[in-house]
A.B. asks: 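Please see the structure below; I have some questions.
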Amino acid sequence: MDIVIVAVVSGLAIALHVGLYLLFRRWMDRDLALSFAGDDAGKRGYMRECLQRARQEGVRHRDLPAWLEREAARYEGPG
């Protein structure tokens, strides 16, 4: 019985850490995308859309900064 309790608690702890890791990574990616936008509200929305598109296209995490930088350079703004 003790082994079952240890196994369940260990599994839950690992699941918690994986969940937190993924949540923090998502927040860091969002902050990275918004850092390219500065204070421009329109560009912030555009960068959030780019981040969603990057996830859909399967851009690797290590390639994400360069990909977002290219997309930020393509932003033309209103007008």
A.B. asks: So does His17 have more than 12 non-hydrogen atoms from other groups sitting under 6.0 Å from NE2?
C.D. replies: no

A.B. asks: Would you say Tyr21 ends up clustered with Val18 if hydrophobic residues are merged whenever their side chains have heavy atoms under 4.5 Å apart, either directly or through other cluster members?
C.D. replies: yes

A.B. asks: Around Leu23, counting heavy atoms of other residues, nucleotides and ligands shown, do more than 12 lie under 6.0 Å from its CG?
C.D. replies: yes

A.B. asks: Roughly how far, to the nearest 0.5 Å, is NZ of Lys43 from CE of Met47?
C.D. replies: 7.0 Å

A.B. asks: Find out whether Arg26 and Arg55 are in side-chain contact, i.e. whether some heavy atom of one side chain is under 4.5 Å from a heavy atom of the other.
C.D. replies: yes

A.B. asks: Do Ile14 and Val6 belong together in a cluster built from hydrophobic side chains that touch within less than 4.5 Å?
C.D. replies: no

A.B. asks: Show the nearest heavy-atom pair for residues Arg44 and Gly38, with the distance to one decimal.
C.D. replies: NH1-O, 3.4 Å

A.B. asks: Please report the closest heavy-atom contact between Tyr46 and Arg74, naming both atoms and the distance.
C.D. replies: OH-CB, 4.1 Å

A.B. asks: When rounded to the nearest 0.5 angstrom, what distance separates CG in Asp40 from CG in Leu34?
C.D. replies: 11.5 Å

A.B. asks: So does Ala7 get a backbone contact from the side chain of Ser10, meaning a donor-acceptor N/O pair under 3.5 Å?
C.D. replies: no

A.B. asks: Is Arg53 salt-bridged to Glu49, cutoff N-O under 4.0 Å?
C.D. replies: no

A.B. asks: Closest heavy-atom contact between Ala54 and Trp67?
C.D. replies: CB-CZ3, 3.5 Å

A.B. asks: Which heavy atom of Phe36 sits nearest a heavy atom of Ala72, and at what distance?
C.D. replies: CB-CB, 3.8 Å

A.B. asks: Can you tell me how far the CZ atom of Arg25 sits from the NE2 atom of His61, to the nearest 0.5 Å?
C.D. replies: 4.5 Å

A.B. asks: At their closest point, which heavy atom of Leu68 faces which heavy atom of Cys50, and how far apart are they?
C.D. replies: CD2-CB, 4.3 Å

A.B. asks: Nearest 0.5 Å please: distance from the CG atom of Leu64 over to the CD atom of Glu69.
C.D. replies: 11.5 Å

